[in-house]
Amino acid sequence: MVQYRINAIFLGPPGAGKGTQAELISKHYSLQHISTGELFRKESESKTAVGVKIRSIMERGELVPDEIVFEVVKKNLFFGENYNGFLLDGFPRNILQAEMLAHFLEQNNEFLSAVINFIVPKEMLVMRLLQRRFCPVCGKNYNLQTLPPKNDNLCDICNVELVKRPDDNIETITTRIEMYYTNTEPLVEYYKSKELLHEVDATGSVEHVFVLLKNLFDNGFYKNKK
Ligand code: AP5
């Protein structure tokens, strides 16, 4: 069990494997996992004006406005005793969001201890996203090519037909990747200048990437960053 508080960000383009690894790492180290994409997918199911607005933005692959993003993050991020820290997956996505986060942490006497940048080439991202499926009942994630279900297109647990995320079509994927390179990639230099950035080659298998991340965490890479 880790002895230091880990407050980390997983950074990387769509399909880099942030969500997959955030699930595994947050369980392993008892971290609070915040996925803004997941929170927005839930919100977009509601019939509220904000829900409807978010759904159409996500379907186009564009970014949800910063004020909405930040409200959602503030509502969901806790600094309780039950966690060894937090893991942010999909947030921040631009410099303004990063500065909002820094200010919010300072107000709460917290600090960011590491940012991990997932490196994956563009062709691999598109392939992973086109092949992604999930179970509409239990939410388990699959990939027809890299993490296939045991039986053709059926959830291993629920035995129901797997489905695609509505934004996993080639047109929206292209926009999401463009959005990443325009808005989010500048965060790499931003966090490098703060000496918080660590890079991980995320092209290997899920198990292999998990081991690379675990090595980073176990070696206390985040320790003396206050
Ligand atoms: P979000 O849900 O965050 O989507 P994303 O950023 O496009 O990222 P993905 O979930 O597609 O990729 P991932 O890196 O998590 O990959 P995963 O592990 O799933 O956001 C959705 C939308 O919400 C945005 O487009 C935007 O509109 C809005 N939004 C969210 N946050 C926002 C913010 N802060 N500001 C503004 N708007 C915001 O893996 C992908 C696939 O690959 C899976 O099938 C998986 O099984 C497979 N896979 C994973 N790892 C491996 C591996 N190592 N080897 C082989 N296959 C793998």
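Note that the numbering runs from 1 along the sequence shown for the chain.
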So do I177 and K122 actually touch side chain to side chain, heavy atoms under 4.5 Å?
-> yes
Is there side-chain contact between L87 and I25, with at least one heavy-atom pair below 4.5 Å?
-> yes
Begin from the C-alpha positions of L213 and V200 and carry the test side-chain contact (heavy atoms from CB on, under 4.5 Å) through to its verdict.
-> CA-CA 7 Å; L213 290 169; V200 164; 3.9 Å; yes
Whether over 12 other heavy atoms sit under 6.0 Å from E106 CD | no
Would you check, one step at a time, whether the test side-chain contact (heavy atoms from CB on, under 4.5 Å) holds for E62 with I57?
-> CA-CA 5 Å; E62 294 168 4; I57 292 172; 4.0 Å; yes
Measure across M58 and F40 and return the closest heavy-atom pair with its distance rounded to 0.1 Å.
-> SD-CB, 3.6 Å
Aromatic Y142 / basic K140 pairing, under 6.0 angstrom, 45° off normal | yes
So, N108 side chain and E110 main chain: donor-acceptor pair closer than 3.5 Å or not?
-> no
One should read off an interatomic distance between F91 CZ and M100 CE, to the nearest 0.5 angstrom, of 7.5 Å
Can you see which heavy atom on K18 is nearest to which on G90, and at what distance?
-> CE-N, 4.5 Å
Is there a side-chain contact between I68 and E43, using heavy atoms and a 4.5 Å cut-off?
-> no
Identify whether M124 and I170 are in the same connected component of the hydrophobic contact network (ILVMFWY, side-chain heavy atoms under 4.5 Å).
-> yes
Charged N to carboxylate O below 4.0 Å: is that the case for E23 and K27?
-> yes
Y191 and P92, any side-chain heavy atoms less than 4.5 Å apart | yes
Reported CG-to-NE2 distance for the pair D218 and H28, which is rounded to 0.5 angstrom | 6.0 Å
Please confirm whether K194 makes a cation-pi placement over Y190, using NZ or CZ under 6.0 Å from the six-membered ring centre and within 45° of the ring normal.
-> yes
Are H33 and D89 linked by a side-chain donor-acceptor pair shorter than 3.5 Å?
-> yes
Are the side chain of N169 and the backbone N or O of T172 linked by a donor-acceptor pair below 3.5 Å?
-> yes
Report the distance from atom NZ of K42 to atom CD1 of I54, rounding to the nearest 0.5 Å.
-> 13.0 Å
Answer with yes or no whether the hydrophobic clustering places V120 together with Y181; edges join I, L, V, M, F, W, Y residues whose side-chain heavy atoms lie under 4.5 Å apart.
-> yes
With a cut-off of 6.0 Å (strictly less than), are more than 12 heavy atoms of other residues, nucleotides or ligands near CD of E171?
-> no
If Ile, Leu, Val, Met, Phe, Trp and Tyr residues are connected whenever their side-chain heavy atoms lie under 4.5 Å apart, and connections chain through other members, are L101 and I95 in the same group?
-> yes
Shared ILVMFWY cluster between V52 and V72, side chains joined below 4.5 angstrom?
-> no
Min side-chain heavy-atom separation Q32-L77 under 4.5 Å | yes
Test applied, side-chain contact (heavy atoms from CB on, under 4.5 Å); reference residue, Q131; option that passes from T146, N143, V126 = N143
Heavy-atom pair with the smallest gap, counting every atom of I34 and N76 | CD1-O, 3.2 Å
Test item: R41 and R165 side chains (from C-beta on) under 4.5 Å apart, heavy atoms | yes
Would you please test I9 and I116 for side-chain contact (heavy atoms from CB on, under 4.5 Å) and show each step?
-> CA-CA 6 Å; I9 293 174; I116 298 166; over 6 Å; no
Under 4.5 Å between any side-chain heavy atoms of F111 and S113, yes or no?
-> yes
Kindly compute the distance separating CG (N7) from CG (L31), expressed to the nearest 0.5 Å.
-> 8.5 Å
Quick one: CZ on F86 to CZ on F78, what's the gap to the nearest 0.5 Å?
-> 13.0 Å
Do F118 and L24 belong to the same hydrophobic cluster, where Ile, Leu, Val, Met, Phe, Trp and Tyr are linked whenever their side-chain heavy atoms lie under 4.5 Å apart, directly or via other members?
-> yes
Do the rings of F10 and F217 sit parallel, tilted or perpendicular, given the 30° and 60° boundaries?
-> perpendicular
Nearest heavy-atom approach of K150 to D156 is N-OD1, 2.8 Å
CG of L147 to CZ of R133, rounded to nearest 0.5 Å, is 13.0 Å
Evaluate the criterion side-chain contact (heavy atoms from CB on, under 4.5 Å) for residue pair R176 and D167; output intermediate values, then yes/no.
-> CA-CA 9 Å; R176 282 158 61 201; D167 58 348; 3.6 Å; yes
Of the non-hydrogen atoms in D66 and Q97, which two are nearest, and what is the gap between them?
-> OD1-NE2, 2.9 Å
Locate the shortest heavy-atom distance separating L125 from A16; write the atom from each residue and the value.
-> CD2-N, 3.7 Å
So, does T184 use its side chain to make a donor-acceptor pair with the main chain of R93 at under 3.5 Å?
-> yes
4.5 Å side-chain heavy-atom contact, P136 and V160 = yes
Residues K164 and D168 bridged, charged N to O under 4.0 Å | no
